[in-house]
2 protein chains.
Amino acid sequence: MSNRFPTERRATIRDVAAKAGVSIATVSKYFNKGDYYIADATKQRIAEAILQLDYEPSATARGLVSRRSRAIGVVIASFDNPFYAQLIAGVDDVIGATDFTMVVASTADDPKAQAEVVQSMRQRQVEGMLLASLTSESPEVAKALRSGIDVVLASRVSADLNVDAFVGDNVGGAMEVVRHLAGHGHRRIAHVAGPQNVTSFSMRAEGFRRGCDEAGLDATTATISLVSEASVDAGEAAAGALLDSAEPPTAIFAANDRVALGVLRAAERRGLGVPGDLAVVGFDNIWVADMPGVHLSSVDADTRDTGRQAARRLLERIERRWADGGADVLEAEQHTLPARFIARHTCGC
Amino acid sequence: MSNRFPTERRATIRDVAAKAGVSIATVSKYFNKGDYYIADATKQRIAEAILQLDYEPSATARGLVSRRSRAIGVVIASFDNPFYAQLIAGVDDVIGATDFTMVVASTADDPKAQAEVVQSMRQRQVEGMLLASLTSESPEVAKALRSGIDVVLASRVSADLNVDAFVGDNVGGAMEVVRHLAGHGHRRIAHVAGPQNVTSFSMRAEGFRRGCDEAGLDATTATISLVSEASVDAGEAAAGALLDSAEPPTAIFAANDRVALGVLRAAERRGLGVPGDLAVVGFDNIWVADMPGVHLSSVDADTRDTGRQAARRLLERIERRWADGGADVLEAEQHTLPARFIARHTCGC
DNA sequence: ATGAAAGCGCTAACAA
DNA sequence: TTGTTAGCGCTTTCAT
């Protein structure tokens, strides 16, 4: 047996009005409580009718007249990446407590996909967008901005978009890592860097360089190995090449924890002890880093909180826009969130 | 400097029509290509106008008249749980390839939150809902069903809702685990079971019992320890109690991988060797299970594919409904996806 | 090949 | 306190 209901037409405000014996305006007022006076007896009858008809007001119709969708769009690179999962969890923490809904889409860092997604969100009239996946800025984003959609960046910065951005202290965190590793006596340190068109990764690479300078290491010992995708497999491959070279590093700083996990696997496959033969440090401090058997040293920039802050800011912008009649009065700010080095087992602590 | 654009009113179909010197009906036809003939010259002018005005049709207005939102709702328990992340990734695989959008919300398995979320989605006129977090079925879901919203369950079954469900072979998978563990010679096997109001967990517990029967183990050696929340910490606590008891188990089968990770941590904290002193098996085969240093044996029911299949089915239902003029002709089916035991290090293989 | 007009379900003046 | 009415931006007959 299937759900065989004749599926009678959804009840509308008209049906409610008819059944309650009032005008649709009164029913509308009933829902937009607070601003109107309406007799208790009438209220009763309306409530009754709503219940009986199982009426639910159409957000679509409401949105059309009020010109507000009460929806925000969230764009990430992928769902099965704990970093984005954490970020969205943070966004959800704040959005879930409001009457806004989230429409979410992933773009796999594909500019074309991003353009499509942004366009689709514009059509859906989202009031704001939270972009966490933004490598090359597509013109679609600028258009969205121009059409009155607020935009906030998370874990990304943009040179030509004048919008708020919330991003961890990648440079500082990376420098801290090198400092720490150097403190353990390492001289041959390698950095497995992620795609440099992703700002977080390029900033980490920059921090690595600065850290090496600071520690007096030069390019003969401090090397950077680029990886085209920040994945476990790519990390394993890159680390493998490094480890199999003539003068392998004694410590590897990975672009992020997933890459670090790949490095760990490469070491394990070669029977190398960690941190004895090789020290490893990641970035992002995803929950896995703290798991038994892993104990990966990492840098924590509180991803979930990044999501929360970015979401709050977006909401703030949206509210302000309505309060100020469409104007965009807030200055765009770049917020750098503090990064903390988390020493666990793999760095040699 | 902020994004200071006077934020002129979004262009509407009217503006386009005016600028192109045609009627709005023609512009509308331009977008609903295929069904109408429209002169090439006119097409040109419209395209031009659209470009200049940076016009994007309003999905809201469209939805109001067409009565279709081209949106589906996805309800999960939480984002920062790799299981749901995988599931959503699967859903995204198929939805992302269509012109539907996903509105997502989490409920933390709170019935009240679930009711709110479902209600909100109903207001937003989603055409279908994918429920992956459904412990106690709230009446809201039945209402949604009645109002013509298609519903598909993922990784959950429901006794009183007559809807499609896609769920892994929890019973069979669990039996397989016990069989395997018994094959390794274990007699004292414990199951750290998750909240029993979650069908996946109750089914796994059931499979555990059946497996013990099959292996000739009885309640004196095969024990079940209930945990109120399927988390790492809860798993650690439960395993700790088990391990510190007079006659500790030699093998623990955890409700899922997160709980298993907790078990692993409990063992590690006590200096117990795995699998030497304690064999451990999880469930779900989240990606972490395969990481270096972890090597957790688990049961794989292809979560991502579950998401894909469920999403496909939902889309199928939606299309059918429109093809058949609102009727709901598909029989509700319960799909059991095969579960495969994945032997890694922690089970003793 | 194109346009006029009637709504889709709702909100928000303005009247009564 | 309640009702009338004019749209919100679009699709869709039905004319032309």
Side-chain angles (χ1 to χ4, degrees), chain A residues 8-47 49-50 53-70 122-127 147-148 322 326, chain B residues 8-47 49-50 53-70 122-127 147-148 322 326:
Chain A
E8 63 283 5
R9 194 176 48 72
R10 259 174 173 76
T12 75
I13 197 173
R14 265 197 166 62
D15 303 323
V16 176
K19 170 153 286 191
V22 296
S23 75
I24 62 167
T26 307
V27 178
S28 175
K29 282 164 191 153
Y30 173 86
F31 276 104
N32 300 233
K33 330 187 188 255
D35 308 359
Y36 298 103
Y37 285 82
I38 142 171
D40 279 357
T42 315
K43 269 189 193 152
Q44 283 303 319
R45 304 218 312 288
I46 295 180
I50 289 170
L53 295 169
D54 196 12
Y55 170 75
E56 209 68 70
S58 158
T60 307
R62 253 188 208 200
L64 188 58
V65 17
S66 68
R67 300 162 143 294
R68 298 207 55 170
S69 62
R70 302 218 150 260
R122 195 139 83 87
Q123 292 187 184
R124 295 217 121 80
Q125 317 284 104
V126 299
E127 295 186 34
S147 72
W322 282 96
Chain B
E8 63 284 4
R9 193 178 48 73
R10 258 174 173 78
T12 75
I13 196 173
R14 264 197 166 63
D15 303 322
V16 177
K19 171 154 286 191
V22 296
S23 76
I24 63 167
T26 307
V27 178
S28 175
K29 282 164 190 152
Y30 173 87
F31 276 103
N32 301 232
K33 330 186 188 255
D35 308 0
Y36 299 101
Y37 285 81
I38 144 171
D40 279 358
T42 316
K43 268 189 194 150
Q44 283 304 320
R45 304 217 314 286
I46 295 180
I50 288 170
L53 294 170
D54 195 13
Y55 169 75
E56 209 67 69
S58 158
T60 307
R62 250 189 218 209
L64 187 59
V65 18
S66 69
R67 302 159 142 293
R68 298 206 56 169
S69 63
R70 302 217 151 261
R122 195 140 84 87
Q123 292 187 184
R124 298 213 118 83
Q125 317 284 104
V126 299
E127 296 185 33
S147 73
W322 281 96

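Residue numbering restarts at 1 for every chain, and letters A, B, ... go by the order of the sequence lines.
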Requested in this report: Please determine if B:E127 and B:R70 form a salt bridge, counting it only when a charged side-chain N lies under 4.0 Å from a carboxylate O.
Outcome: no
Report task. Just compare C:dC10, D:dT2, D:dG3 and give me whichever is closest to any side-chain atom of A:A61. Result -> C:dC10
Query raised in the report: What nucleotide, of D:dC10, C:dG9, D:dC8, holds the atom closest to the side chain of A:T12?
Result: C:dG9
Query raised in the report: Rounded to whole angstrom units, what separation is found between the CD1 atom of B:I38 and the P atom of D:dT16?
Result: 21 Å
Report task. Side chain of B:V65 only, please: which of C:dG9, D:dC10, D:dT4 is the nearest? Result -> D:dC10
Query raised in the report: Nearest of C:dG9, D:dT2, D:dG9 to any side-chain atom of A:R67?
Result: D:dG9
Query raised in the report: So does B:T26 get a side-chain nitrogen or oxygen closer than 4.0 Å to the phosphate oxygens (OP1/OP2) of C:dG3?
Result: yes
Query raised in the report: Are A:D40 and A:R45 within salt-bridge range, i.e. N to O under 4.0 Å?
Result: no
Query raised in the report: When the distance from CD of A:Q44 to C1' of D:dT1 is rounded to whole Å, what number comes out?
Result: 16 Å
Report task. Please state how far atom CG in B:D15 lies from atom C1' in D:dG9, giving the value in whole angstrom units. Result -> 10 Å
Query raised in the report: Which part of the nucleic acid, if any, lies within contact of A:A39, taking any heavy atom under 4.0 Å across all strands shown: a base, the sugar-phosphate backbone alone, or nothing?
Result: sugar-phosphate
Query raised in the report: In Å, rounded to the nearest 0.5 Å, how long is the span from OG1 of B:T12 to CD1 of B:I24?
Result: 8.5 Å
Report task. Using whole Å, report how far CZ of B:F31 lies from P of D:dC10. Result -> 8 Å
Query raised in the report: Is any side-chain N or O of B:S23 closer than 4.0 Å to OP1 or OP2 of C:dT2?
Result: no
**Report entry** Between C:dC8 (P) and B:R62 (CZ): distance, integer Å
**Finding:** 19 Å
Requested in this report: Pick out which of A:F31, A:Y30, A:Y55 makes a side-chain contact (heavy atoms from CB on, under 4.5 Å) with A:V16.
Outcome: A:Y55
**Report entry** Among D:dT12, D:dT2, C:dG3, the nucleotide that comes nearest once only the side chain of B:V22 is considered
**Finding:** C:dG3
**Report entry** Residue-phosphate contact under 4.0 Å: B:Y55 side-chain N/O, D:dC10 OP1/OP2
**Finding:** yes
Query raised in the report: Whole-Å distance between D:dG3 C1' and A:K29 NZ?
Result: 7 Å
Query raised in the report: Looking only at side-chain N and O atoms, does B:S28 come under 4.0 Å of OP1 or OP2 in D:dT11?
Result: yes
**Report entry** Side-chain touch B:W322/B:R68, heavy atoms, less than 4.5 angstrom
**Finding:** yes
Query raised in the report: Taking atom C1' of C:dC8 as reference, at what distance in whole Å does atom CD1 of B:I24 sit?
Result: 14 Å
Report summary line: Among C:dC10, D:dT4, D:dG9, the one nearest any side-chain atom of B:S58 is D:dG9
Requested in this report: Take the protein atom CZ of A:R45 and the nucleotide atom C1' of D:dG3, then report the distance between them rounded to whole Å.
Outcome: 14 Å
Report task. Report the nucleotide, chosen from C:dT2, D:dT2, C:dG9, that has the shortest atom-to-atom distance to any side-chain atom of B:L64. Result -> C:dG9
Query raised in the report: Under 4.0 Å: is that the gap between some side-chain N or O of B:T42 and OP1 or OP2 of C:dT2?
Result: yes
**Report entry** Options C:dA12, D:dT11, C:dT2, nucleotide nearest the side-chain atoms of A:N32
**Finding:** C:dA12
Report summary line: Closest non-hydrogen atoms of B:R10 and B:D15, given as atom of the first, atom of the second and distance, are O-OD2, 4.0 Å
Report summary line: B:R14 has its side chain closest, among C:dT2, D:dC10, C:dA5, to D:dC10
Report task. For the side chain of A:I13, starting at C-beta, report the closest nucleotide among C:dC10, D:dT2, D:dC10. Result -> C:dC10
